[in-house]
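Here's the structure, in C-alpha cells; my notes come after.
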There are 2 protein chains.
Amino acid sequence: MKSSKKIKREEFIRICKLHGLKITPQRMAIYEEVTGSSGHPSAEIIYRKIKRKYPGISFDTVNRTLLTFSDIGLLQIVEGYGEPKRFDANTQDHHHFRCLRCGSIIDVYHKRYDELEIPAEIETHHKVIRKRVVLEGICKQCRER
Amino acid sequence: MKSSKKIKREEFIRICKLHGLKITPQRMAIYEEVTGSSGHPSAEIIYRKIKRKYPGISFDTVNRTLLTFSDIGLLQIVEGYGEPKRFDANTQDHHHFRCLRCGSIIDVYHKRYDELEIPAEIETHHKVIRKRVVLEGICKQCRER
DNA sequence: CTACTAATTAAGAGTAACTCTTATTTGTTG
DNA sequence: CAACAAATAAGAGTTACTCTTAATTAGTAG
Ligand SMILES: [Mn+2]
Ligand SMILES: [Mn+2]
Ligand SMILES: [Zn+2]
Ligand SMILES: [Zn+2]
C-alpha cells in the first residue's frame, strides 16, 4: 500500500510536468514543507524551516517557488492588508477568519459561503475566477488576555 | 441650505474630536481628498494629489493620517495580497471585486452578502468584527484586450 | 488675547519584504 | 552522455512603508 506522502509526491510531480516545470530538490522540499505545515506560514517562516534540513537554499528560491506554486494552483495566498504574504496549501474550498490582534488565520468551512451567487451586474461585465468570505475579529486566545 | 461638502466637514470634525484628534489643515486636506476620490487610491496616489494644492506636505503625514482614519473608522483598507494598501472612504456596507490583471477595485453592493451568517464554531470561540466577500477575476477592460 | 503644552508635522534615515541581476549549476531530452 | 533551457545562490536593488528628531501648532488655561 502506498503511503499518502508518496501519493502526494506523485501528484506534485504530475502537476509540475503538466506546467512544464522541472522537478528539483528545492521544489520538492518546499512543497513538502508547505503541505506539511497546518498553519498559514509566510515565506520567511517556510524558508527558515527548510534551511534546517537544507542549509544551502536561498530565500529567493523559496519565495519565487511559492509564487510559482500559487500560479499553477498548488497553493493559494491568503487575503490580507499588506503584511508578509501568507501561504495556504489547503486546496479545499474554504474561507478564513483573521485575528486583527495576533495575525493568526483560522480555516472556515461553511457550505453556504461556497454557494454564494455572484451579483448580476458583476457577472455580466467581468469574469469572476474566485470568491471568498473574509471574517475578521479577535481570536479566542487574544480575548482571554 | 448647507452644502453636502460642509456637512461632511462638520461630521469629520465631530469624529476627530470624539477620538481626541486635533483638527489640522493636513487632516482636513487628506480627508477631503480621500472622500472626493471615487476609486480606491493608494497612499502614494493620495499624497501626489494633495501635494499639488499643498506642496509642503510629507508622505509620512499622509500615510500616518490614513492609518489613523482607518483606526477611527473614517475609512477602511481594502483586502489585498501585499501590494500597496488601497484606501476606501465609502463607509456603506459593501464588498469588492478585484481585477487580478490591472489591480482595479470595483464596489459590489449585494444585500445577500451583507446578511451572511457566521458559522457556529467561529462565533462561539472568537469575536467577529467584520465580514466581507472578496471577488476576484478579470475586469471588463482587461478582457477586451 | 497670551502663554503653555501635548499633539502633530516635515525631513530624512531606517527597515521589512520582497524582486531583480548575473554567474553557475542542473534536470530533461535526443 | 551531450546540449541547452530552466533553475538556483548570492547579493544588490527596490518598494512601501515606519521610525527618529527637531520644529511647529492646535487647543486650552489664564
Ligand atoms: Mn486556509
Ligand atoms: Mn469600496
Ligand atoms: Zn489573536
Ligand atoms: Zn483589469
Side-chain angles (χ1 to χ4, degrees), chain A residues 9 12-31 33-34 40-72 74-75 77-87 103, chain B residues 9 12-31 33-34 40-72 74-75 77-87 103:
Chain A
R9 192 161 59 231
F12 167 70
I13 291 172
R14 194 185 66 76
I15 293 181
C16 281
K17 292 202 164 153
L18 192 66
H19 291 273
L21 297 181
K22 290 181 178 174
I23 315 301
T24 67
Q26 289 91 335
R27 282 186 176 147
M28 299 278 274
I30 293 164
Y31 185 69
E33 182 57 49
V34 78
H40 297 84
S42 65
E44 184 66 33
I45 297 280
I46 297 164
Y47 169 63
R48 280 200 219 125
K49 284 190 181 176
I50 290 176
K51 212 169 162 77
R52 286 189 216 148
K53 293 254 163 180
Y54 209 117
I57 204 162
S58 71
F59 173 79
D60 185 60
T61 294
V62 173
N63 194 55
R64 187 172 15 80
T65 301
L66 289 168
L67 297 177
T68 303
F69 287 171
S70 149
D71 284 345
I72 65 174
L74 275 176
L75 50 80
I77 300 169
V78 184
E79 316 76 17
Y81 295 96
E83 338 68 47
K85 288 182 187 70
R86 305 279 289 269
F87 296 91
Chain B
R9 191 160 60 230
F12 167 71
I13 291 171
R14 195 185 65 76
I15 293 181
C16 280
K17 292 201 165 155
L18 191 66
H19 292 272
L21 297 181
K22 291 182 178 174
I23 315 300
T24 67
Q26 290 90 335
R27 281 184 178 148
M28 298 279 272
I30 294 165
Y31 185 70
E33 181 56 49
V34 80
H40 297 85
S42 65
E44 183 66 33
I45 298 280
I46 297 163
Y47 169 63
R48 282 202 217 124
K49 284 190 180 175
I50 291 177
K51 213 171 161 74
R52 288 189 215 148
K53 293 255 163 181
Y54 209 118
I57 203 162
S58 71
F59 173 79
D60 185 60
T61 294
V62 173
N63 195 54
R64 187 172 16 78
T65 301
L66 289 168
L67 297 177
T68 303
F69 287 171
S70 150
D71 285 344
I72 65 173
L74 275 177
L75 50 79
I77 299 169
V78 184
E79 317 76 16
Y81 295 96
E83 341 66 48
K85 288 183 186 69
R86 305 279 290 268
F87 296 91

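Labels below follow one simple rule: chain letters A, B, ... track the order of the sequence lines, proteins then strands, and each chain is numbered from 1. Any value given below was found using the heavy atoms of this structure, including those in side chains, with hydrogens, waters and symmetry copies removed.
Rounded to the nearest 0.5 Å, atoms CZ (A:Phe69) and CZ (A:Arg27) are 6.5 Å apart. Note: B:Leu66 CG to B:Glu33 CD = 10.0 Å, rounded to the nearest 0.5 Å. Annotation: the span from B:Thr68 atom OG1 to B:Asn63 atom CG amounts to 9.5 Å, rounded to 0.5 Å.
Rounded to an integer number of Å, the gap from OH of A:Tyr47 to P of D:dA10 is 8 Å. Rounded to a whole Å, the CD1 atom of B:Ile13 is 13 Å from the C1' atom of D:dG27. The separation between A:Ile50 atom CD1 and D:dT8 atom P is 11 Å, rounded to whole Å. Atom-to-atom, NZ of A:Lys17 to C1' of D:dA6 comes out at 15 Å; the value is rounded to the nearest Å. When rounded to the nearest whole Å, the span between CG of A:Asn63 and P of C:dC20 equals 11 Å. In this structure, CD1 of A:Ile57 is placed 11 Å from P of D:dA10, rounded to the nearest angstrom. A:Arg27 has its CZ atom 10 Å from the C1' atom of C:dG27, to the nearest Å. Counting to the nearest Å, the C1' atom of C:dT8 and the OH atom of B:Tyr54 are 11 Å from each other.
Comparing D:dT18, D:dT8, C:dT19 by their closest approach to the side chain of A:Thr61 singles out D:dT8. Side-chain proximity of B:Pro25 to D:dT8, D:dA26, D:dA5: nearest is D:dA26. For A:Phe59, the listed nucleotide lying nearest its side chain is C:dC18; candidates were C:dC18, C:dT21, D:dA6. Nearest to the side-chain atoms of A:Ile23 among the listed nucleotides C:dT28, D:dT18, C:dA11 stands C:dT28. Distances from the side chain of A:Thr65 to the nucleotides C:dT26, D:dT8, D:dC17 place D:dT8 closest. In the set C:dT21, C:dG27, D:dC17, the nucleotide with an atom closest to the side chain of A:Asp60 is C:dT21.
In this structure, B:Pro55 reaches neither bases nor backbone, as no heavy-atom distance under 4.0 Å exists between it and the strands shown. At a threshold of 4.0 angstrom between heavy atoms, the contacts of B:Gln26 are confined to the sugar-phosphate backbone, with no base atom among them.
Under 4.0 angstrom from either OP1 or OP2 of D:dT8 there lies at least one side-chain N or O belonging to A:Arg64. For the pair A:Thr24 and D:dA6, the criterion of a side-chain N or O lying under 4.0 Å from OP1 or OP2 is not met. In this model, the phosphate group of C:dA6 is not approached by any side-chain N or O of B:Lys22 to a distance below 4.0 Å at OP1 or OP2.
By the 6.0 Å contact criterion, NZ on B:Lys49 is open, its count of non-hydrogen atoms from other residues, nucleotides or ligands being 12 or less.
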Checklist line | Stepwise side-chain contact (heavy atoms from CB on, under 4.5 Å) check, A:Phe87 with A:Val78 | finding: CA-CA 6 Å; A:Phe87 296 91; A:Val78 184; over 6 Å; no
